[in-house]
Amino acid sequence: MSANPHPVDIHVGQRLRLKRTILGKSQESIGKEIGVTFQQIQKYERGINRMGASRLYDFAKSLGVQVSYFFEGFGDYVQAGAAELGMGEPDAAAFDHEHMNNRETLEVMRAYYRIKNPAVRKRIIDLIKAFAEENSNDKPAKAG
């Protein structure tokens, strides 16, 4: 067995940590739900321990996601036949996954998901987009 974790195991572990953190769940609480110790959760999140299919299913169920969630954003992973089934989506702009593990980003996402009113959530998204657009339109002043 190799001393280094496989890149897929690392990616799946990062996705596990991301979703768990967004939901505000501790390693201990997830462990209790699926019947493992928090130390095992730590090893899964770092990619040290590989997850079998049944364990991946348990995590997906506990976190309220599809199993495919854990593979999103990894290399060229694509569901075969998705376009033929009408499930294909146009390519999105490149996404900076580095910011997803930033504590500030996770705090914003957690707070956002605590908002129950869908209309308020939409207004917040619109506000953030407006600020982002305003910043992208700002041009540095010319030195004179």
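Remark: Ile124 CD1 to Ile128 CD1 distance equals 7.0 Å, nearest 0.5 Å. The line from CD1 of Ile30 to OH of Tyr44 is 13.0 Å long, rounded to the nearest 0.5 Å. Interatomic distance, CG of Leu16 versus CZ of Arg46, reported as 12.5 Å (0.5 Å rounding). Distance check, rounded to the nearest 0.5 Å: CD of Glu107 to OG1 of Thr21 gives 11.0 Å. In this structure, Leu18 CG and Phe70 CZ are separated by 10.5 Å, a value rounded to the nearest 0.5 Å. One distance of note links CD1 of Ile41 with CZ of Arg17; it measures 13.5 Å at 0.5 Å rounding.
The existence of a salt bridge linking Lys129 and Glu133 is excluded, since no basic side-chain nitrogen approaches an acidic carboxylate oxygen closer than 4.0 Å. A salt bridge does not link Asp58 with Lys61: every distance from a Lys NZ or Arg NE/NH1/NH2 to an Asp or Glu carboxylate oxygen is 4.0 Å or more.
Under a hydrophobic-cluster definition in which Ile, Leu, Val, Met, Phe, Trp and Tyr are linked whenever side-chain heavy atoms come within less than 4.5 Å, directly or via other members, Tyr57 and Val36 are assigned to different clusters. Linking Ile, Leu, Val, Met, Phe, Trp and Tyr whenever their side-chain heavy atoms come within less than 4.5 Å puts Val67 and Val8 in one cluster.
Atom CZ of Arg121 is surrounded by more than 12 heavy atoms from other residues, nucleotides or ligands within 6.0 Å.
Taking both residues in full, the closest heavy atoms of Ala60 and Gln66 are given as CB-C, 4.1 Å, listed atom of the first, atom of the second, then distance. Closest of all the heavy-atom pairs between Arg15 and Tyr69 is NH2-CE1, 2.8 Å. Between Lys25 and Ser29, the shortest heavy-atom contact is CB-OG, 3.8 Å. For the residue pair Val12 and Met51, the shortest heavy atom distance occurs at CG1-CE, 3.5 Å. Pro5 and Gly47 make their closest contact through CB-O, 3.1 Å (heavy atoms, listed as atom of the first residue, atom of the second, distance).
Although no hydrogens or angles enter the test, the distance criterion places no donor-acceptor pair under 3.5 Å between the side chain of His11 and the main chain of His6. In this structure a side-chain-to-backbone donor-acceptor pair under 3.5 Å is missing from Arg20 to Leu63. Judged by distance alone, with hydrogens and angles left aside, the side-chain atoms of Glu45 form no donor-acceptor pair with the main-chain N or O of Gln42 at under 3.5 Å.
Here the side chains of Ile22 and Tyr112 are not in contact, with every heavy-atom distance at 4.5 Å or above.
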